[in-house]
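All values below were derived from every heavy atom in this structure, side-chain atoms included, with hydrogens, water molecules and symmetry-related copies excluded. Only a predicted model underlies this, so the values are computations on that prediction, with no experimental measurement involved.
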Amino acid sequence: MALRTVMIFPELSGMRAVDALRRRYDPLAALVRPHITLVFPFESGMSDDELADILSQAAEDVAPFALRLQGFSEETGERYLFLNVTKGAGPLALLHERLYAGRLAPFDAGRAYVPHMTVGHLPDARALHAAHAQASRCTRAFDADVTHIYAERIGENGESIVILEQALRGRKTKE
């Protein structure tokens, strides 16, 4: 069975700053590009064609949208450092809900979905608080346009292997 996930890979303005934070605080930085997870890792015998159909249905009437990330927060239970989504959370949550509504429902852990980009996973609470204090010195906003969602297979060493790309197909309206 394959371990897979669904995410977006935003091409953020100021990507170097995000990459620098991830290199410093995220052990997965060299294995997967900066991303926002829509479906958390799941193991399934589902075919890639079946997964492609699920992505296509979820993206059918979702228009490309603007994304902004700014500010940092801590997830203290598992010691994650997050870059917060301040614009575009609605479409991300809609995609998340749609993806988990059908054949992926058995893989939904039932936790509240708060769109974010993980920029760190720290060994203990003290390191997490120090990383948060350091990252919070960066007050700039990071912007991107989201036009696609992706499915990846997670390789034996944790590496990201993109297996599917699905364009958002809704019509963009004026803001």
Side-chain angles (χ1 to χ4, degrees), residues 1-13 15 18 22 26 28 31-121 141-154 158 160-175:
M1 283 204 254
L3 183 61
R4 292 175 283 193
T5 187
V6 179
M7 58 186 62
I8 66 165
F9 295 110
E11 294 296 325
L12 298 170
S13 60
M15 189 65 97
V18 173
R22 290 188 71 235
D26 188 354
L28 297 179
L31 300 172
V32 61
R33 299 186 326 227
H35 62 279
I36 296 174
T37 302
L38 297 171
V39 174
F40 294 94
F42 65 98
E43 194 165 19
S44 168
M46 177 185 302
S47 74
D48 288 348
D49 288 341
E50 289 175 284
L51 187 55
D53 185 50
I54 292 168
L55 268 61
S56 178
Q57 289 176 20
E60 187 171 354
D61 64 349
V62 177
F65 60 94
L67 179 71
R68 173 168 281 172
L69 293 98
Q70 186 173 25
F72 297 87
S73 59
E74 301 174 42
E75 194 290 315
T76 56
E78 296 186 40
R79 303 170 322 280
Y80 283 105
L81 178 63
F82 294 152
L83 177 55
N84 302 320
V85 173
T86 58
K87 182 178 183 181
L92 291 169
L94 174 64
L95 287 163
H96 170 83
E97 289 169 17
R98 284 182 176 184
L99 288 162
Y100 275 125
R103 290 177 277 178
L104 295 178
F107 306 107
D108 187 354
R111 50 187 160 182
Y113 181 68
V114 179
H116 64 273
M117 178 180 284
T118 299
V119 293
H121 188 206
F142 301 94
D143 295 307
D145 290 320
V146 176
T147 60
H148 291 78
I149 58 177
Y150 301 85
E152 73 166 5
R153 184 171 53 81
I154 300 171
S160 168
I161 303 161
V162 175
I163 55 172
L164 298 167
E165 177 179 343
Q166 173 62 58
L168 299 178
R169 299 192 314 264
R171 257 186 45 195
K172 195 167 186 173
T173 59
K174 292 184 180 183
E175 296 181 26

>> For R153, give me all partners under salt bridge (charged side-chain N to carboxylate O under 4.0 Å, His left out), at least two apart in sequence or on another chain.
In response: none
>> Take a 6.0 Å sphere around CD of E11 and say whether it holds more than 12 heavy atoms from other residues, nucleotides or ligands.
In response: no
> Between atom CG of L104 and atom CD of E50, what is the distance when rounded to the nearest 0.5 Å?
Replying inline: 10.0 Å
>> Classify the ring geometry of Y80 against H121: parallel below 30°, tilted from 30° to 60°, perpendicular beyond 60°.
In response: parallel
>> Suppose we screen for salt bridge (charged side-chain N to carboxylate O under 4.0 Å, His left out). Which residues come up paired with R98, at least two apart in sequence or across chains?
In response: D61
>> Restricting to side-chain contact (heavy atoms from CB on, under 4.5 Å), what partner residues turn up for D108, sequence neighbours left out?
In response: Y100
> When rounded to the nearest 0.5 angstrom, what distance separates CD in E152 from OG in S160?
Replying inline: 3.5 Å
>> Walk me through whether F72 and L81 qualify under side chain to side chain contact (heavy atoms under 4.5 Å, CB included).
In response: CA-CA 7 Å; F72 297 87; L81 178 63; 4.3 Å; yes
>> Per the salt bridge (charged side-chain N to carboxylate O under 4.0 Å, His left out) rule, what does the pair list look like for residues 36-49, sequence neighbours excluded?
In response: R4-D48
> Aromatic rings Y113 and H96: how do their planes relate, parallel, tilted or perpendicular, breaks at 30° and 60°?
Replying inline: parallel
>> Is there a side chain to side chain contact (heavy atoms under 4.5 Å, CB included) between L94 and V62? Walk through the geometry before answering.
In response: CA-CA 9 Å; L94 174 64; V62 177; 4.0 Å; yes
>> Does F65 form a side chain to side chain contact (heavy atoms under 4.5 Å, CB included) with L168? I'd like the steps, not just the answer.
In response: CA-CA 9 Å; F65 60 94; L168 299 178; 3.8 Å; yes
>> According to salt bridge (charged side-chain N to carboxylate O under 4.0 Å, His left out), who are the partners of R68, at least two apart in sequence or on a separate chain?
In response: D143
Under 3.5 Å donor-acceptor pairs involving side-chain atoms of residues 31-38, not counting sequence neighbours:
unit_1, atom_1, unit_2, atom_2, d
H35, ND1, R33, O, 2.9

>> Quick one, N84 with L69, criterion side chain to side chain contact (heavy atoms under 4.5 Å, CB included). Give me CA distance, side-chain angles, the key distance, then yes/no.
In response: CA-CA 5 Å; N84 302 320; L69 293 98; over 6 Å; no
